[in-house]
Amino acid sequence: MSGPGHRLNRSLTVRLVLMAAGSFAFGFALVPLYDVFCEITGIGTRGQLSQAGTADGQAPVAGRTVVVEFTSSVPSGGWEFEPVAATMEVQPGRLYETHYRARNLSAQATTGQAVPSVAPARAARYFVKTECFCFTPQHFKGDEEREMAVRFVVDRELPPGIDRLTLSYAFFDVGRS
């Protein structure tokens with residue numbers, strides 16, 4: 001059976017396999033491309049957003065306040081995850097602490113990982129986390145709920161036109177314990 005229909009099916013199959021392979025390669029390349037984009041634009045790398053900074057050399061800026069909004073999402077389900085406080089008025093240069101509440105909705109032990117982002121993107125490098133639950137995976141027992149702390153300082157060098165920041169976490173289920 002080598003008629004025109006067979007050749008068309010073979011051609012279509014080859015094109016579909018090539019398209020699938022190309023899509024996979026593109027998806028695989030997105031991670032390093034994202035890192036390069038973040039570094040070029042000054043947003044910071046995923047590593048910088050997920051590592052502790054210090055509040056050394058910081059002193060409060062008199063007469064300036066910034067509103068920090070806290071948001072959350074749970075793309076993979078199986079969790080309740082939310083900020084304890086929706087907003088906080090902070091003074092650049094001063095150390096603050098806030099909390100997020102997480103609950104494993106499963107009866108089984110599991111592990112979650114928070115991935116942070118700061119908006120606007122150009123302000124991300126001025127939002128310094130000195131302690132954060134996002135630095136390490138969080139192990140939860142079945143039906144366990146807990147509050148997790150974030151200690152941060154908004155750098156005193158934050159550009160004058162920025163008076164509102166948003167700290168957002170996406171909380172992912174990374175596996176059963």
Side-chain angles (χ1 to χ4, degrees), residues 31 34-35 37-38 41-56 58-61 63-177:
V31 173
Y34 176 77
D35 288 342
F37 171 79
C38 289
T41 60
I43 295 171
T45 64
R46 286 180 302 136
Q48 291 168 329
L49 291 173
S50 300
Q51 294 176 353
T54 67
D56 295 345
Q58 293 286 330
V61 176
R64 182 172 185 202
T65 59
V66 175
V67 175
V68 180
E69 297 175 335
F70 303 101
T71 64
S72 64
S73 65
V74 183
S76 58
W79 296 90
E80 285 180 359
F81 179 66
E82 62 191 6
V84 172
T87 63
M88 183 183 283
E89 194 168 306
V90 303
Q91 190 176 22
R94 180 168 288 166
L95 187 63
Y96 291 90
E97 181 173 307
T98 190
H99 294 87
Y100 277 73
R101 183 177 301 115
R103 180 169 178 238
N104 174 10
L105 298 176
S106 167
Q108 298 178 334
T110 190
T111 301
Q113 178 70 54
V115 178
S117 66
V118 176
R122 66 188 177 109
R125 70 174 125 189
Y126 302 101
F127 192 92
V128 181
K129 294 183 296 303
T130 61
E131 181 182 317
C132 183
F133 59 90
C134 65
F135 297 153
T136 58
Q138 300 296 312
H139 306 289
F140 282 76
K141 296 176 186 171
D143 298 316
E144 181 182 357
E145 179 178 330
R146 78 170 82 119
E147 284 190 10
M148 302 176 293
V150 180
R151 293 179 57 117
F152 67 93
V153 62
V154 174
D155 193 295
R156 57 182 292 112
E157 300 299 321
L158 180 72
I162 301 173
D163 62 355
R164 182 173 291 271
L165 300 171
T166 301
L167 174 62
S168 182
Y169 287 100
F171 200 76
F172 293 91
D173 191 338
V174 294
R176 300 284 172 220
S177 299

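One-based numbering along the sequence shown.
Every residue meeting the side-chain hydrogen bond (donor to acceptor under 3.5 Å, both in side chains) condition with S168, not counting sequence neighbours, appears here in chain and number order: T71. For S73, there are no side-chain hydrogen bond (donor to acceptor under 3.5 Å, both in side chains) partners two or more places apart in sequence or in a different chain. Remark: R101 pairs with E82, E145, E147 by the salt bridge (Lys or Arg N to Asp or Glu O under 4.0 Å) rule, at least two apart or across chains.
Side-chain atoms of N104 never come within 3.5 Å of backbone atoms of E144 as a donor-acceptor pair (strictly under, hydrogens ignored). Within the 3.5 Å criterion, the main-chain N or O of V66 finds no donor-acceptor partner in the side chain of E89.
Considering only heavy atoms from C-beta on, Y126 stays 4.5 Å or farther from P92 through its side chain. Between W79 and L105, every side-chain heavy-atom pair lies at or beyond the 4.5 Å cut-off.
Among T65, V67, L95, V154, the one residue that satisfies the side-chain contact (heavy atoms from CB on, under 4.5 Å) test with V90 is V154.
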Side chain to side chain contact (heavy atoms under 4.5 Å, CB included), that's the test. Do V68 and F127 meet it? Break it down for me. CA-CA 10 Å; V68 180; F127 192 92; 4.0 Å; yes
Does the pair V150 and Y169 meet the rule for a side chain to side chain contact (heavy atoms under 4.5 Å, CB included), with working shown? CA-CA 11 Å; V150 180; Y169 287 100; 3.7 Å; yes
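T98 approaches A85 most closely through the heavy-atom pair OG1-CB, 4.4 Å. Shown here for R94 and P60, the closest heavy-atom pair between the two residues is NH2-CG, 3.5 Å. Contact record, Q113 with V174: CB-CG1, 3.8 Å, taken as the closest heavy-atom pair. Nearest approach of A107 to D143, heavy atoms of both residues: CA-OD2, 4.1 Å. Scanning all heavy atoms of the two residues, the minimum distance from T136 to Q138 falls at O-NE2, 3.2 Å. For V61 against Q91, the heavy-atom pair with the smallest separation is O-NE2, 2.9 Å.
Between F133 and Y100, the angle of the ring planes lies from 30° to 60°, which puts this pair in the tilted group.
Taking CD of E97 as the start and CZ of F152 as the end, the distance is 9.5 Å to the nearest 0.5 Å.
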